[in-house]
Amino acid sequence: MEAIDRQLAALLRESIGRVVGEPWEGPVPVEVSNRPDLADYASPAAFALAGRLRRPPLEIANELAADLTTHGASMLASAEAAAPAFLNLRLSDSFLAGLVEETVARAGRIADDGTGAGHKIVLEHTNINPNKAAHVGHFRNACLGDTVARMLRRLGHPVEVQNYIDDTGVQVADVVVGLRYLDVPEQGDEPFDRYCSDVYVAVQQAYAADESLVARRAEVQHAIESGEGELATAALETAQRIAACNLATMARAGIGYDLLTWESDILALGFWQTAFARLQEQGVIVAETEGPNAGCWVVPFGVGTVETEEGTVTEDKVLVTSRETVTYTAKDIAYQMWKFGLLGRDFFYRVWGEQGDGSTLWTSTRHELEHDPSAPRFADGERVINVIDDRQSYPQQVVYDCLRRMGFEAEADASEHLAYAVVSLSVEAARELGVAVDEDARKVAMSGRGGIQVYADQLLDRLAARIAAASAERAETDEAAAQSGAPARTRPSDEEAAETAERVATAAARYYMLKFGTTQEIIFDFEDALRTTGETGVYLQYALVRASGIARKLAAGDAIGPRPSPAPTDGVPDADRALLLRIADYPRVLATAAQQREPLALAKYAFDLAVAFNRFYDNTPPIVAEQDEALRAWRGGLVESFRHVFGDVLDVLGIPVLERL
RNA sequence: GCCCCCGUAGCUCAGUGGAUAGAGCGCCUGGCUUCGAACCAGUAGGUCGCAGGUUCGAAUCCUGCCGGGGGUACCA
């Protein structure tokens, strides 16, 4: 469905053409009015035309209003000019009734305009180093990436979601050393990833006390790099086990992937060698013979060396060190080339497993014998989006710039770093974790190495526990109320209650991660994150539960039923109109949120829409008891429209849809 | 030094060229005999960090400054 503001802009463009005297090619601004008492939509177009026509803007607005009144067709009920020169537009009841009909007919999928069809996007997110449990910072990454992927898919883009797993770094070696040479006690029946998080912290401390361990780490790291031998196999197995835990954590929040890509496979399959050759051919990198980077292969960026307080530095970026190891950025260049299909090399693929939504998760493999010929074609993206925190903006830019220097300008332009600010801990949260905090500190950085972190599972567990307790309490009061005549409700089984609590926890956690702008640092606080009232994911689910309740009762009562029906003859009531206008705004909001890669915009919209429904709900007599059949049918249709559209919005946000709460 | 992000109500944050700057939380007040009160209605609370500039119009764009954070690794 085309967004309302664009439909109106098309109408207004015609009007401007008639007023100006020739076809109008300039911009035609139309906005959702922030003055619902005056208008549904408004345009300030007359301001811009005033200078061009050298006439007072209000005069022009009046002419446009007059023209639209005669040419507005069935879409508009009124068009009026208002000082200083706004053009206020009111949609007609018949148009609103048509909206209800269309939203229901399309089961809420009104924002799917198909603009993205055929343009494959490769989107990478999560990317947790497989040596520890996911914390809320990783969770933010995954929520952002998953929601952006869902938004793009709803607009028709084929999106391939990849999760890059760096299983060859020192962090994995650290944990392997800790597992082998330290005896870290397990905490009850804690999951493997949580245990490894503890081991990781313990081994950091052990290095200081026992230097032989540092040698052990070098040994493990060497084995990992060579990919040969028992140590390398053990390291790989550990990494895979932890990665499986991380995937399970994300699956709790409905986050899945298409493909896992392992750094060890990138190394083993010689991705870097190919990229290296290309970089050399194109003269993008040079071998330094003097200066601070002597003996390295570097990308020359700066103007030579610069003297700073910290000593002599260069702005050049090292890709291969003097010890001939390949830096992360270098590997990322090869990986980025592969994503665009520029490398001329590919992984082998095998099935990793089935995911919660029934889709297949694939993984790369270096072994040709494991290759599954039924694997889909991966990579070859037209666009590549990397969801990585904003501290890595510089290395990301280096990667894209190297693509450009190699002659891949289009691909460099089609490379996007979705940079988001990190999650840190509030002073209260840090203290709750037993971390010593400075008096004047306002936040504490998370650190897997230092053991300062809130785990994603911990957040979900605490939310689920709180929600389960709240549900139990409600069930008690419901039963007490039923004693004194209120309608009885069937109490869910313990199993159902636990399942519901988990799904509500998902909603709360995901919404919390999205309610901050991507560039806004989240100061994680338990009091805010565990909230189940106010602007939360729970509020969203509750609004839908209310709507579902009405739909159920209307259907059970065998009344007119929730079919779209004409607007009431004495006009659409204000509460109904406000709700419907919100519903109708969905296509516009989704398009801009997706284009800006800003899930917050959709999350805020979802909240606003839920508010509109709750107001409608509370300020409208019970629909199921409505005696005026025409009005009951209209409102039943309106509720149905909300139910479908809002359900679709929640689906794009990755928030579970519940019938009961 | 250079680059990026942040600065809006007591707190946490939306709003990035349009009309009277909003929400949640917190404070105070009111509302469940009818669709689930995890809700709704209302009160109080703001020189939008500061100073210039552009514009019919600036929280929003430009310049300079102040405060906070991050980056500028032969770590990932």
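To find a chain, count down the sequence lines: A is the first, B the second, and so on, and within it residues start at 1.
Within the nucleic acid shown, T533(A) comes within 4.0 Å of sugar-phosphate atoms alone, with no base atom in reach, counting heavy atoms only. Here D608(A) lies out of heavy-atom contact (under 4.0 Å) with every strand. Within the 4.0 angstrom heavy-atom criterion, base atoms lie near L661(A). Within the 4.0 angstrom heavy-atom criterion, only backbone atoms of the sugar-phosphate kind lie near R442(A); the bases stay farther away. In this structure, V624(A) reaches the bases: a heavy-atom distance under 4.0 Å links it to at least one base atom across the strands shown.
Across U60(B) and G17(B), the matching P atoms stand 11 Å from one another, rounded to whole Å. Here the separation of C27(B) from U33(B), taken at their C1' atoms, is 32 Å to the nearest Å. Spacing between G7(B) and U16(B) at atom C1', rounded to whole Å, works out to 15 Å. Atom C1' of C66(B) sits at a distance of 46 Å from the matching atom of G30(B), rounded to the whole Å. With both ends at atom C1', the span from C48(B) to U8(B) equals 4 Å, rounded to whole Å. Taking atom P on both C6(B) and C75(B), the two are 31 Å apart, rounded to the nearest angstrom.
Pair assignment for G67(B): C6(B), on the basis of Watson-Crick or G-U wobble contacts that are both within less than 3.5 Å.
For the segment residues 518-527 of chain A, the set of residues with a heavy atom within less than 4.0 Å of an atom of RNA chain B comprises T519(A), Q520(A), E521(A), I523(A), in numerical order.
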Subject >> N614(A) vs Y539(A), side-chain hydrogen bond (donor to acceptor under 3.5 Å, both in side chains): CA-CA, chis, key distance, verdict >> reply: CA-CA 10 Å; N614(A) 278 330; Y539(A) 181 95; 3.0 Å; yes
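Contact of T327(A) with A73(B) (side chain to base): no donor-acceptor pair of N or O atoms is detected under 3.5 Å. R474(A) contributes a side-chain N or O that forms a donor-acceptor pair with the base of A38(B) under 3.5 Å.
Whole-Å rounding puts the K515(A) NZ to G22(B) P distance at 19 Å. A straight line from CZ of R391(A) to C1' of C75(B) spans 12 Å, rounded to a whole angstrom. D528(A) places its CG atom 13 Å from the C1' atom of A23(B), with the value rounded to the nearest Å.
For R503(A) against V657(A), the heavy-atom pair with the smallest separation is NH2-O, 3.2 Å.
For the pair R462(A) and F526(A), the cation-pi criterion (under 6.0 Å, within 45° of the ring axis) is fulfilled. Taking the ring centre of Y207(A) as origin, the terminal cationic atom of R217(A) falls inside the region bounded by 6.0 Å and 45° from the ring axis.
Formation of a donor-acceptor pair under 3.5 Å by the N163(A) side chain with backbone atoms of N127(A) is found in this model.
D390(A) is not listed as a side-chain neighbour of T519(A), based on a closest heavy-atom distance of 4.5 Å or more.
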